[in-house]
Protein chains: 2
Amino acid sequence: MAKAKMLRSCPVAAFQKMISGKYKLRIVWDLKDGPRRYGEIRSGLLRGTDGSSEITPRVLSRELKALTLSGLIDRKDYAVVPPKVEYRLTRKGKSFVPVIAAIRDWGERHLSEPAALAEAAE
Amino acid sequence: MAKAKMLRSCPVAAFQKMISGKYKLRIVWDLKDGPRRYGEIRSGLLRGTDGSSEITPRVLSRELKALTLSGLIDRKDYAVVPPKVEYRLTRKGKSFVPVIAAIRDWGERHLSEPAALAEAAE
DNA sequence: CGGTATCCTAGTAGATACTG
DNA sequence: CAGTATCTACTAGGATACCG
């Protein structure tokens with residue numbers, strides 16, 4: 001496991017890579033309350049950033065695939081017509097929820113200050 | 001506070017934007033033990049990701065500026081020759097350290113699994 | 001020592017159109 | 001409904017060289 005050795009020295013870098021992508025964290029967060037369908041996730045992401053830009057299917061699809069590869073979420077295809085696909089957190093994904101909670105918590109306390117807004121809202 | 005209202009609905013998105021950039025989290029983490037000089041931060045970042053690529057001054061400079069703008073770190077220029085500049089965490093930055101700790105902690109437990117490596121190490 | 005200035009490349013996200 | 005295909009715009013990051 002040569003690759004593992006390199007990464008083990010910095011789990012933060014691995015985390016960064018895992019959640020890179022504009023919506024990954026929010027998708028996991030949205031899934032914490034239970035399984036959701038593709039379209040539900042999509043509309044759920046409409047609220048949040050600024051409410052203006054909608055996520056395109058291409059991007060959402062990619063993020064979902066990446067999250068699946070990371071082992072955070074699981075895809076369940078019901079193979080019916082019309083199609084129905086559900087995404088839900090894996091055990092690993094569930095274990096990650098508290099981390100996002102910590103992030104949210106901190107963000108709510110510190111990211112409403114002027115300095116943060118200047119940077120974050122641009 | 002119109003801008004604030006938009007962001008308040010999703011602190012996670014604001015967080016994502018704040019820490020976007022390959023080294024920001026690690027810089028903050030490196031600074032948790034006290035002030036560090038520009039060059040020290042740079043060499044400190046050499047270890048970690050994979051040990052191969054060194055951060056370029058241009059990138060490090062940008063990340064430091066962004067972190068300063070976010071209010072996480074503080075720049076202290078001693079105005080001497082040869083130049084000496086120290087960076088250190090602000091109060092806000094210090095409050096953020098436990099969040100990174102949570103991330104590290106989770107990463108150490110879950111990012112050494114095969115699935116994670118396939119994604120993170122590529 | 002602690003940066004800037006240029007240039008370049010690879011990847012990420014958005015728009016749009018189409019399909020099983 | 002849940003995606004894929006194509007194409008384009010933007011930008012983060014790296015290489016290199018130079019400056020106060």
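Here the structure is a predicted model, which is why all the values come from computation and not from measurement. Protein chains get the first letters and strands the later ones, always in sequence-line order, with residue 1 at the start of each.
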Among C:dG14, D:dG14, D:dG3, the nucleotide that comes nearest once only the side chain of A:Y23 is considered: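 Of all the options, the side chain of A:Y23 is nearest to C:dG14.
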Side chain of A:K22 (C-beta onward), nearest among C:dA13, D:dA2, D:dA15: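 Selected nucleotide (nearest to the side chain): C:dA13.
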Partner residues of A:D33 under the side-chain hydrogen bond (donor to acceptor under 3.5 Å, both in side chains) criterion, sequence neighbours left out: none
A:R42 side-chain N/O to A:L60 backbone N/O, donor-acceptor pair under 3.5 Å: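 The answer is no, because no donor-acceptor pair under 3.5 Å joins these two groups.
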B:E40 side chain to B:R37 backbone, donor-acceptor under 3.5 Å: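 Checking the backbone N and O of B:R37 against the side chain of B:E40, a donor-acceptor pair under 3.5 Å is found.
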Residues B:R75 and B:D77 bridged, charged N to O under 4.0 Å: yes
Cationic N near anionic O, under 4.0 Å, A:D105 to A:R109: yes
Nearest-nucleotide comparison on DNA chain C, the residue closer to the 5′ end among A:V59 and B:P83: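 The residue closer to the strand's 5' end, by nearest nucleotide, is B:P83.
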Earlier contact from the 5' end, DNA chain C, for A:E63 and B:E40: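 Here B:E40 is the residue nearer the 5' end.
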Those residues that, when tested against B:W106, pass ring pair (Phe, Tyr, Trp, His ring centres under 6.0 Å) (two or more places apart):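 By the ring pair (Phe, Tyr, Trp, His ring centres under 6.0 Å) rule, B:W106 matches A:F96, B:H110.
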Inter-axis angle, terminal five-pair segments of the helix from C:dC1-D:dG20 to C:dG20-D:dC1 [nearest 10°]: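 Answer rounded to 10°: the end axes differ by 60°.
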Touch class at under 4.0 angstrom, heavy-atom based, for A:Y78 against every strand present: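 Nothing, no nucleic acid heavy atom in range.
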Under 3.5 Å donor-acceptor pairs involving side-chain atoms of residues 81-90 of chain B, not counting sequence neighbours:
| unit_1 | atom_1 | unit_2 | atom_2 | d |
| --- | --- | --- | --- | --- |
| B:E86 | OE1 | B:Y78 | OH | 2.9 |
| B:T90 | OG1 | B:G71 | O | 2.6 |
| B:T90 | OG1 | B:L72 | O | 3.0 |
| B:T90 | OG1 | B:K92 | N | 3.4 |
| B:T90 | OG1 | B:G93 | N | 3.0 |

side-chain contact (heavy atoms from CB on, under 4.5 Å) partners of A:T56, counting only residues at least two apart: A:R58, A:V59
Between the protein and nucleotides 4-7 of chain D, which nitrogen or oxygen pairs are less than 3.5 angstrom apart?
| unit_1 | atom_1 | unit_2 | atom_2 | d |
| --- | --- | --- | --- | --- |
| D:dT4 | OP1 | A:K65 | NZ | 2.7 |
| D:dT4 | OP2 | A:S61 | OG | 2.4 |
| D:dT6 | O4 | A:R58 | NE | 3.4 |

